[in-house]
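The next block holds one structure in the form of structure tokens; read it before the comments.
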Amino acid sequence: MAAVIVETEAYIVDDPACHGYGGESARNRSMYGPPGHAYVYFIYGVYWCANAVCRPKGVAEAVLIRAVEPVVGIDLMRKRRTVAHDKQLTNGPGKLCTALEINRTLDGADLCDTNSSLWIAHNPEHKKLLLSKGPMITTTRIGITRAAHLPLRFYLKGSPWVSKQGKMKKH
DNA sequence: CCAGGGATCCCCT
DNA sequence: GGGGATCCCTGGC
């Protein structure tokens with residue numbers, strides 16, 4: 001299977017919304033590991049979410065993959081997710097993990113190793129094509145309560161595969 | 001040891 | 001646009 005990342009969120013040092021905030025634990029250990037590896041966690045008792053660790057070992061920062069555009073293996077994704085429209089296959093962090101079968105076993109996976117079960121590649125041609133359809137948009141993150149004002153969500157405006165705007169929590 | 005919270009999704013209105 | 005599902009992790013006792 002293959003998919004193009006179209007929406008992400010960053011979680012950084014000194015960010016109360018970051019799982020690494022408050023120190024290393026069994027759950028967030030991968031975040032403290034070397035860069036280029038996956039941090040996969042379980043949420044709301046139902047879903048898995050996948051991140052790419054981006055800073056040196058010991059610096060707990062990561063990028064949450066929030067939405068992807070399916071490219072190869074759509075039939076397989078449809079089997080794992082029963083939805084009316086393909087658009088709903090991977091337009092959310094939990095959805096895409098179900099569609100791509102990402103779970104605890106991939107926590108810590110080397111995202112830079114093409115022999116890994118989960119890896120990320122850079123495709124300049126595709127990037128150019130995608131950006132020609134719409135700009136990258138920067139907004140606040142979705143579904144969090146702490147540090148909700150930080151502009152750390154990024155998505156391709158021209159993509160129909162981006163997740164819906166989240167509910168804004170009152171305070 | 002155990003109660004409570006959470007970077008979501010889906011179904012209901 | 002509101003609420004429940006459902007389990008792992010954390011912190012408090």
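None of these values were measured; they are calculated from a predicted model. Chain letters run A, B, ... following the sequence lines, proteins first, then strands; residues in each count from 1.
Straight-line distance from the CD1 atom of A:Ile43 to the C1' atom of C:dC7: 10 Å, rounded to whole Å. Here B:dA7 presents its C1' atom at 15 Å from CD1 of A:Ile102, a figure rounded to the nearest Å. Put simply, CD1 on A:Ile65 is 12 Å from C1' on B:dA7, counting in whole angstrom units. Rounded to a whole Å, the CZ atom of A:Arg29 is 11 Å from the P atom of C:dC9. Taking atom OH of residue A:Tyr44 and atom P of nucleotide C:dC8, one finds them 16 Å apart after rounding to whole Å. In this structure, A:Arg27 atom CZ and B:dG6 atom P are separated by 10 Å, rounded to whole Å. The separation between A:Lys95 atom NZ and B:dC10 atom C1' is 9 Å, rounded to whole Å. Atom OH in A:Tyr39 sits about 9 Å away from atom P in B:dA7, given to the nearest Å.
Within the 4.0 Å cut-off from OP1 or OP2 of C:dC9, at least one side-chain nitrogen or oxygen of A:Arg104 is found. Contact between the side-chain N/O atoms of A:Arg66 and the OP1/OP2 oxygens of B:dT8 is found at a separation under 4.0 Å.
Summarising the local packing, CG of A:Asn123 is surrounded by more than 12 heavy atoms from other residues, nucleotides or ligands at distances under 6.0 Å.
A:Arg141 places a side-chain N or O within 3.5 Å of a backbone atom of A:Ala147 that can act as its donor or acceptor partner.
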side-chain contact (heavy atoms from CB on, under 4.5 Å) between A:Tyr41 and A:Asn51: does it pass, once the steps are laid out? CA-CA 9 Å; A:Tyr41 68 91; A:Asn51 297 248; 3.5 Å; yes

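Looking at heavy-atom distances under 4.0 Å, A:Asn28 makes no contact with the nucleic acid at all. Contact annotation for A:Arg81: backbone-only contact, meaning every heavy-atom pair under 4.0 Å involves sugar-phosphate atoms and none involves a base. Backbone-only contact: A:Gly94 has heavy atoms under 4.0 Å from sugar-phosphate atoms and none from a base.
Side-chain atoms of A:Asp107 and A:Ser30 include a donor-acceptor pair closer than 3.5 Å.
Under the stacking criterion of a centre-to-centre distance below 5.5 angstrom and an interplanar angle below 30°, A:Tyr11 sits stacked against the six-membered ring of B:dA7.
The listed nucleotides are B:dC9, C:dC9, C:dA5; the one nearest the side chain of A:Val46 is C:dA5.
Taking CD1 of A:Ile65 as the start and SG of A:Cys97 as the end, the distance is 9.0 Å to the nearest 0.5 Å.
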